[in-house]
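Only one structure is covered here, and it is reproduced in the block below.
Below, read A as the first sequence line, B as the second, and so on, with proteins coming before strands; counting in each chain starts at 1.
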Amino acid sequence: MINKAIAQLFYDMADMFEFLGVEWKPQAYRRGAQNILGLGKDLGAIYEEEGIRGLKAIPGIGEAMASKIEEYITTGKLKTYQKLRKKLPKGVVELMDVPGLGAKKAAILHKKLKVGTVAQLRKAIKQHKVAKLEGFGPKSEANILKGLDIFKRKGERVLMATVRPLADSMVARLQKVKGVTRVDLAGSMRRWRPTVKDIDILCISDSSKVIEAFCGMSNVKEVIAQGKTKASVFVEEGVEVDLRVVPKESYGAALNYFTGSKEHNISLRKIAIQKGLKLNEYGLFSKTRAVAGKTEKELYRKLGLPYIEPELREGHGELTTHQPKLVTLQDVKADLQMHTTFSDGNYSVADMAKAAKPLKYIAITDHYGRIPIANPVNKRRFAKYSKAIDEANKKLRGIMVLKGLEVDIDKEGNVECEPSILKQLDYCLAAVHRAFTMDKKAMTKRLCNAMDNEYVTALAHPTGKVVLERDPIVFDTKKVFAHAAKTQTALEINAHPSRTDLGASMIQEAIAHKVKLTMGTDSHSTEHLRYLEYGVRNARRGWAEKKHILNCLSLRQFMKAKK
DNA sequence: GCCGTTTTCGGCCCGACTGTTTTCAGTCG
Ligand SMILES: Nc1nc2c(ncn2[C@H]2C[C@H](O)[C@@H](COP(=O)(O)OP(=O)(O)OP(=O)(O)O)O2)c(=O)[nH]1
Ligand SMILES: [Mg+2]
Ligand SMILES: [Mg+2]
Ligand SMILES: [Zn+2]
């Protein structure tokens, strides 16, 4: 999709406008970018079908941005962006990425000291030139250095799954503090974003004692800010943790505020204004009288809205689109991707099956083919593999093991496995494991060819991305999703946190194309089976319902419904 | 730059914490 590229250009333009002190355009461009990301439909397709008018129908996109989108679609360039960029090279705007430096201060540094990069900023501080500037002082220098050396750069993110245990333990520690009656994870963690910038924790307490306890925790390396109602710390684990403390009667409003997203919050606050009310983290107010605040449900109701699930609160149309009943973990009856000692897994077929209960069925999908690193099953070892699954099924009670494989797709889209083997499978995953960079057209053809194979049940981790590490492969989503629907090939929601593939927006797009989805944890050990919850949360973020995911079916129905 | 059944002009979410500002701007959530 071209959407991401255009949204990024708009975000960059917003930063540059902000740096230049231009009013309102930053907000406007960010809103436009945000809404483009939440579209679930390709801008190119919209332009093709409905032209400029279609583009202007997108909220936050008017004359100016629509014609910029048109320019980018037709020429692949954006003149306004290039002009701005010429004036403000990346290094200059990146000054705003230093914690504590915003547009105003960055602009002063650039203007008065000719600082154009982070390295030059460091040098200026060493010469104590910064402290002499108006609006700066000795503490500013120290804080900027801290920001550079200790804290993360703005926008730097970590995998949510890696910090979740830390977050849970900090919640548990806060629950033990005297006077604290409730603690919740909030922010992007409560929304189950695959990556997070920080850990946000909300608690109820009438005293600010909890703030002292929080800032004094053993893993706190640096206290960034500490006040009466909130504090921010940087912990040894290398992440920022924000705590917000409110009284009981504000808890619903505060949980809503701190869960976000920012865009969702702003939309709710605008609705409040329209109703002559005011919404903040303490409650919903008519003049000074609280109309709601204790619970989130009450808050949404008083705003005339249904309760919105946290996973949907991204400012992606959740207030104007009917919210379906989203899939839940209990709906999922099976885990459809995992590995055993037959390839690169650490446990036997029976071990994985027993650990996967109370699921009703699983697919063992060991690697097949030639990648030596994954110790793949091959033609010679397949009989033994097949027999092991049959034997396990004879002994197992309450869970059924499907015979699967994860086979490679070659550059042309051929599935690298003999039909004589494929036809013995209950469930065949095909995946791109090499040659990730290809021409878009060729990649699209490659995936469509693979789906033409009558034995391929689903494409595993369809985009091949590794979160924060490897970019997705590039293909024409419209063509691939249409072909998946046509050939009845399912697309996988790989639940492993570092895959999260398909991701939320593509899940939404796939559903719009009537594509069937499957879900698998890609477990290589029994420990990984719990990642199924991440898969479900990701599916919910993609607005998926039970009916969209094949492994919500009973085994019998699943066998009938799959390709 | 975008938007509107009370507006085509005048708004655009609202509050906490920090530092050098002697009364509040900047940054952030
Ligand atoms: N009303 C309002 N709320 C905000 C604003 N910025 C942040 N919040 C709220 C919503 C956020 O979800 C919550 C936590 O802020 P964070 O900066 O930690 O963002 P969030 O956790 O959503 O994402 P992250 O993964 O941390 O980048 O605070 C804002 O400008 N206005
Ligand atoms: Mg956060
Ligand atoms: Mg935060
Ligand atoms: Zn794979």
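- In this structure, A/Q34 atom CD and B/dG1 atom C1' are separated by 16 Å, rounded to whole Å.
- Remark: the separation of the C1' atoms in B/dG11 and B/dT6 is 15 Å, to the nearest Å.
- Although no hydrogens or angles enter the test, the distance criterion places a donor-acceptor pair under 3.5 Å between the side chain of A/K152 and the main chain of A/G238.
- For A/I273, the side-chain atoms get nearest to B/dC13 when compared with the rest of B/dC13, B/dG1, B/dG15.
- Residue A/E63 contributes atom CD, which lies 11 Å from atom C1' of B/dG1 at whole-angstrom precision.
- For B/dC3 and B/dT8, the C1' atoms lie 9 Å apart once the distance is rounded to whole Å.
- The residue A/N265 sits apart from the nucleic acid: no heavy atom pair falls under 4.0 Å.
- B/dT18 and B/dC13 are spaced 25 Å apart, taking the P atom of each and rounding to whole Å.
- Taking a pair to require two hydrogen-bonding distances under 3.5 Å in either a Watson-Crick or a G-U wobble arrangement, B/dG19 pairs with B/dC24.
- At whole-Å resolution of the value, CD in A/Q274 and P in B/dG11 are 16 Å apart.
- The cationic atom of A/K105 (NZ for Lys, CZ for Arg) lies less than 6.0 Å from the six-membered ring centre of A/F136 and within 45° of the ring axis.
- A cation-pi geometry, defined here as NZ or CZ lying under 6.0 Å from the six-membered ring centre and within 45° of its normal, holds between A/K297 and A/Y307.
- Note: A/H264 and A/Y300 have tilted aromatic rings, judged against thresholds of 30 and 60 degrees for the angle between ring planes.
- Within residues 292-299 of chain A, no residue has any heavy atom closer than 4.0 Å to DNA chain B.
- For the C1' atom pair drawn from B/dA16 and B/dT5, the interatomic distance equals 38 Å after rounding to whole Å.
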Report task. Starting at the 5' end of nucleotides 16-29 of chain B, put B wherever the base has a protein heavy atom under 4.0 Å, S where only the sugar-phosphate does, and a dash everywhere else. Result -> SSSSS-----SSSB

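- Note on A/L279: only backbone sugar-phosphate atoms sit closer than 4.0 angstrom, heavy atoms only; bases stay farther off.
- One finds a salt bridge joining A/R30 and A/E18 here, because a Lys/Arg side-chain nitrogen approaches an Asp/Glu carboxylate oxygen to under 4.0 Å.
- A distance of about 10 Å separates the C1' atoms of B/dT20 and B/dC24, rounded to the whole Å.
- The separation of B/dG26 from B/dT21, taken at their P atoms, amounts to 13 Å, rounded to a whole angstrom.
- Rounded to an integer number of Å, the gap from A/N35 CG to B/dC2 C1' is 11 Å.
- Using cut-offs of 30° and 60° on the angle between ring planes, the pair A/H496 and A/H528 is perpendicular.
- For B/dC12, the base is stacked against the aromatic ring of A/W24, per a cut-off of 5.5 Å between centres and 30° between planes.
- Under 4.0 Å is where a charged nitrogen must lie from a carboxylate oxygen, and between A/E311 and A/R537 at least one such pair does.
- Residues A/R122 and A/D149 are paired through a salt bridge, judged by an N-O separation under 4.0 Å between the basic side chain and the carboxylate.
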Query raised in the report: Step by step, would you call A/D184 with A/Y251 a side chain to side chain donor-acceptor pair (under 3.5 Å)?
Result: CA-CA 10 Å; A/D184 279 281; A/Y251 203 68; 2.7 Å; yes

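- In this structure, the CD1 atom of A/I69 is 13 Å from the P atom of B/dG1, given to the nearest Å.
- Across B/dC17 and B/dT22, the matching P atoms stand 22 Å from one another, rounded to whole Å.
- For the P atom pair drawn from B/dT23 and B/dC28, the interatomic distance equals 24 Å after rounding to whole Å.
- Rounded to whole Å, atom P of B/dC3 lies 12 Å from atom OH of A/Y29.
- Under the rule for a side chain to side chain contact (heavy atoms under 4.5 Å, CB included), the partners of A/E314 that lie at least two apart in sequence or sit in another chain are A/R191, A/R193, A/S261, A/H316, A/R541.
- When only modelled atom types and interatomic distance are considered, A/S140 and A/N143 share no side-chain donor-acceptor pair under 3.5 Å.
- Counting to the nearest Å, the C1' atom of B/dG10 and the CD atom of A/E23 are 13 Å from each other.
- For the pair A/I266 CD1 and B/dG11 P, the interatomic distance rounds to 19 Å; values are reported in whole Å.
- Anti is the classification of B/dT22, since its glycosidic angle lies more than 90° from 0.
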